[in-house]
Trainee: 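Sending over a structure as structure tokens; questions will come in a sec.
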Amino acid sequence: MLARPRFGGVGTLAHPMNTRVDITAAIAQILAELGASEIDPAVEASAKPEFGDWSTPAALRAARVLRKPPIAIANEMCSLLAETDLDVVAKWTVSPPGYVNAHLADPVWVPAVIAAALALDPAIPLHTGARTPLRTLVEHTNTNPNKAAHIGHLRNACIGDSVARILRRIGGDVEVQNYIDDTGVQVADVTVGVRELGMAQQDGEPFDQYCSRVYVEVCRRYEDSPELLEKRRAVLHALEAGDNEMATFVKRLTSRIVDCHLATMARFDIGYDLLAWESDILHLGFWQRAFEQLSAAGAIVSVTAGKHAGCWVMPADSGDVEGDEAKVFIKSDGVATYTAKDTAYQLWKFGLLGKDFRYRTWPGVEGLTTTTSNDGDVDADARFGGARQVVNVIDSRQAYPQGIVKRALARLGHAEAAKRSIHLAYEVVALSPGAARELGIDTSNGGEKYALSGRTGIEVRADELLDRAIEHVRAKAATADDATVRCVAAGAVRYYLQRFTLTQIIAFDFDEALRTNGDSGVYLQYAHARAAGILRKVADDGGALSVPQSLEPVERALLHCLDAYRYALTDAAAQLAPSVLCNYTFTLAATLSDFYEHTPAMVREQDATVRRFRRHLVAATKATLADALHTLGIAAPDAF
RNA sequence: GCCCCUUUAGCUCAGCGGAUAGAGCACCCGCCUUCUAAGCGGUUGGUCGUAGGUUCGAUUCCUACAAGGGGCGCCA
């Protein structure tokens, strides 16, 4: 038998001790020695403190290959593990029906966990042991620039912003883009109302709300006056041509709305690196370039007969150009479809188009750049695009066209880019019956959810929701200053929109969204403020940390929670799922509250060792909470 | 017709091969002269949609079915 390697160690600040990895390696080696190397060590946090700190059901899994009872295998593993040189484990035990448990040596792992938490620094990427993400371009928000942003758009932005933060936190190079569809039907509708019908902005009416109102009104008038659709067609035609007075007018209008969107999102601490405009993609000839590539590769073909006669189509895998699987890229009138232009944009994102935008700084927002077709003022060193991985945060209803874009990349021979074209699909935000009633919708049909609709004005504006949350928080916050009230309210709203898994439709409910207790953003922030309060009250005596002889269960639970931060971040990054980090942060906050309630007030603690240890523990928890909250785009106030 | 998502406590949701299925809300009962009660503890509440299958082990994987939602445009 080979000499067993020495596992683990206390680690360094750059690469903190990773107890789970060390234990996993030890288990894996023992499994190999027993002739079950194919069995996954599967080390997980112990289900109950009585079992130990870390446990594995590997013996249960190995029973079949080793043809022995699980408990016998577990006992054998246990005695072999006892011989390994793993300082962090004090004792190995077995529990039915065949779990092997590691009990950690407190003087080894506890100081390491606290030191790692206290060393957290937003400016320094956290090495979780997972591979650093590829250079990633995240596109999110993408709200049509013809109306105020509503809670559906806000869910998109929250998910995208948090995904970007999560990837950056573990060292990822991430570029965030907001795509502006300024040449579409929705923009044309508002243009018809403002320019052709002369609908006026009311006194004191915010510009985006004004446009929302015009949009609803114009859509209503189409019903009575179908001839109005001709005006829309004219607007769209002018936008397609570009470089005319209409295009200039629309550019000014959409820019004003984009500024409103940026201001709304800024209230939630959501920002972007680049605004990418559809009109620039159009006028810089991105599609023509993509067309050359697609047609040369045979990815799209000209169809002369059948229902797609006169079109260019991307055939199904079977070669069929007529069925559901075939997708029109160029209509018979010669105009490219949205999906076609999106394919060109996706090629640009990967640096595969062979064409680039021109760039200009966006006035009024620090660090924000916009694409432009003509008067660029940002030098070529500021490079955008050229990503190795692209994450498009788009609701799940667009799965079909997103799949087409991915398929187009594959047909061009860009297998890697196709694989790394990720449609981060999330379900929409709808209204709960209660919220629907509050908006005056008839709910007598007994539906469980009611769809939002910007076109008919059935929506909850993001700004309006935040204003209501601010009033809610202000009513409860006796002493907090205005800035704190605002960030607590924004955090509450963000948490509500991020804590659901992406596959769940959110049945938006005012009571739930505005709640300030229980599993809410306010609870997380409150826990952080509490920790800060303790640190203010309990002086740091400057003494070195020493671990008490025996830890209270709540202390041990809190330490495990701190240690779990890196695993939560790793999971959240791997799944591109902010909800994973939300769950973790709630558990951390709850565990701190549990600790707070079940240990005597620290200010009166007479035992200097215990007081010092607990102060370190609270400081470490505060640092971890702050880091997790920041990664979720939620503020971590010290008091409120 | 085909494809995707959902179905877990009264309500809103986690969990997605392993040890007695967890939270929050609501309800009821307690706890503020002690570091923030926006908190904590306790009580009540579950044939994990149904039926098969795979497995030592299934809420978790597979198949079928049911209910609800979404998609399958020469819309964007």
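Numbers restart at 1 for each chain; the letters A, B, ... are given by sequence-line order, proteins then strands.
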Trainee: Identify whether any heavy atom of A/Leu60 sits under 4.0 Å from a base atom; if not, whether one sits that close to sugar-phosphate; answer base, sugar-phosphate or nothing.
Mentor: base
Trainee: Select base, sugar-phosphate, or nothing to describe what A/Pro70 touches, counting heavy atoms under 4.0 Å on all strands.
Mentor: nothing
Trainee: Any base atoms under 4.0 Å from A/Ser95, or only sugar-phosphate, or nothing? Heavy atoms, all strands.
Mentor: base
Trainee: Nearest to the side chain of A/Ile505, heavy atoms from C-beta on, is which of B/C35, B/C75, B/G69?
Mentor: B/G69
Trainee: Taking atom P of B/A19 as reference, at what distance in whole Å does atom NZ of A/Lys48 sit?
Mentor: 11 Å
Trainee: Using atom P in both nucleotides, what's the gap between B/U43 and B/C25 to the nearest angstrom?
Mentor: 16 Å
Trainee: Could you check whether A/Ala309 gets within reach of a base, just the sugar-phosphate, or nothing at all, counting any heavy atom under 4.0 Å?
Mentor: base
Trainee: What interatomic distance, in whole Å, is found between P of B/A14 and the corresponding atom of B/G41?
Mentor: 23 Å
Trainee: B/A37, OP1 or OP2 - any side-chain N/O from A/Tyr596 closer than 4.0 Å?
Mentor: yes
Trainee: Are A/Lys476 and B/U36 close enough that a side-chain N or O sits under 4.0 Å from OP1 or OP2?
Mentor: no
Trainee: On a plain distance test, is the side chain of A/Ser579 in donor-acceptor contact with the base of B/A14 below 3.5 Å?
Mentor: no
Trainee: For A/Asn101, which contact category applies under a 4.0 Å heavy-atom criterion: base, sugar-phosphate, or nothing?
Mentor: base
Trainee: Using atom C1' in both nucleotides, what's the gap between B/G49 and B/U6 to the nearest angstrom?
Mentor: 11 Å
Trainee: Counting the atoms with a prime plus P, OP1 and OP2 as sugar-phosphate, which does A/Ala425 contact under 4.0 Å by heavy atoms, base, sugar-phosphate, or nothing?
Mentor: nothing
Trainee: Using atom C1' in both nucleotides, what's the gap between B/U55 and B/C62 to the nearest angstrom?
Mentor: 12 Å
Trainee: Going by the glycosidic torsion and a 90 degree boundary from 0, is the base of B/C32 oriented syn or anti?
Mentor: syn
Trainee: Side chain of A/Arg536 only, please: which of B/C40, B/U36, B/C74 is the nearest?
Mentor: B/U36
Trainee: Do the side chains of A/Lys68 and A/Glu76 get close enough for a salt bridge, i.e. N-O under 4.0 angstrom?
Mentor: yes
Trainee: Looking at A/Thr501, does any N or O in its side chain come under 4.0 Å of the phosphate oxygens OP1/OP2 on B/A14?
Mentor: yes
Trainee: Is A/Thr516 touching bases, backbone alone, or none of the nucleic acid, heavy atoms closer than 4.0 Å?
Mentor: base
Trainee: According to a strict under-4.0 Å criterion, is A/Arg499 in side-chain N/O contact with OP1 or OP2 of B/A23?
Mentor: no
Trainee: Rounding to an integer number of angstrom, what distance separates B/C65 and B/G45 when you compare their P atoms?
Mentor: 37 Å
Trainee: Which part of the nucleic acid, if any, lies within contact of A/His598, taking any heavy atom under 4.0 Å across all strands shown: a base, the sugar-phosphate backbone alone, or nothing?
Mentor: sugar-phosphate
Trainee: Grab the CG-P distance between A/Leu236 and B/C74 for me, whole Å please.
Mentor: 18 Å
Trainee: Can you check the A/Phe586 CZ to B/U12 C1' distance for me, whole Å?
Mentor: 13 Å
Trainee: For A/Tyr400, report the nucleic acid contact type (base, sugar-phosphate, nothing); a contact means any heavy atom under 4.0 Å.
Mentor: sugar-phosphate
Trainee: I want to confirm an ordering. Mapping A/Ser332 and A/Asn517 to their closest nucleotides on RNA chain B, which one lands closer to the 5' end?
Mentor: A/Asn517
Trainee: Students often get this wrong, so: under 4.0 angstrom with heavy atoms, is A/Phe500 touching a base, only sugar-phosphate, or nothing?
Mentor: sugar-phosphate
Trainee: Side chains of A/Asn101 and A/Ser55 only: does a donor on one sit below 3.5 Å from an acceptor on the other?
Mentor: yes
Trainee: Can you see if the side chain of A/Tyr338 gets near the phosphate of B/A76 - specifically, an N or O under 4.0 Å from OP1 or OP2?
Mentor: no
Trainee: Nearest nucleotide by nearest heavy atom, which residue falls closer to the 5' end of RNA chain B, A/Pro600 or A/Pro57?
Mentor: A/Pro57
Trainee: Heavy atoms under 4.0 Å, any strand shown: does A/Phe640 hit a base, just sugar-phosphate, or nothing?
Mentor: base
Trainee: For B/G73, does either OP1 or OP2 sit under 4.0 Å from a side-chain N or O belonging to A/Lys307?
Mentor: no
Trainee: Quiz question: by atom type and distance under 3.5 Å, do the side chains of A/Asn517 and A/Tyr526 form a donor-acceptor pair?
Mentor: no
Trainee: Which part of the nucleic acid, if any, lies within reach of A/Arg61 when heavy atoms closer than 4.0 Å are counted: base, sugar-phosphate only, or nothing?
Mentor: base
Trainee: Which whole number of Å gives the distance between the C1' atom of B/U50 and that of B/C13?
Mentor: 23 Å
Trainee: Do the side-chain N or O atoms of A/Tyr523 get closer than 4.0 angstrom to the phosphate oxygens (OP1, OP2) of B/C40?
Mentor: yes
Trainee: Count the heavy atoms of every other residue, nucleotide or ligand shown that sit under 6.0 Å from NZ of A/Lys231, and state whether that count exceeds 12.
Mentor: no
Trainee: If you look at every strand shown and take non-hydrogen atoms under 4.0 Å, does A/Ala47 touch a base, only sugar-phosphate, or nothing?
Mentor: base
Trainee: Under 3.5 Å, is there a donor-acceptor pair between the side chain of A/Arg468 and the main chain of A/Leu514?
Mentor: no
Trainee: Which part of the nucleic acid, if any, lies within reach of A/Ala529 when heavy atoms closer than 4.0 Å are counted: base, sugar-phosphate only, or nothing?
Mentor: base
Trainee: Name the pairing partner of B/C2, where a pair is Watson-Crick or G-U wobble with both distances under 3.5 Å, or state none.
Mentor: B/G71
Trainee: Could you tell me whether the side chain of A/Val218 reaches within less than 4.5 Å of the side chain of A/Val190, counting heavy atoms only?
Mentor: no
Trainee: Stepwise, does the ring pair (Phe, Tyr, Trp, His ring centres under 6.0 Å) test hold for A/Tyr565 with A/Tyr584?
Mentor: CA-CA 7 Å; A/Tyr565 181 43; A/Tyr584 165 80; 5.7 Å; yes
Trainee: May I ask you to verify if any side-chain N or O of A/Gln504 is less than 4.0 angstrom from the OP1 or OP2 atom of B/U7?
Mentor: yes
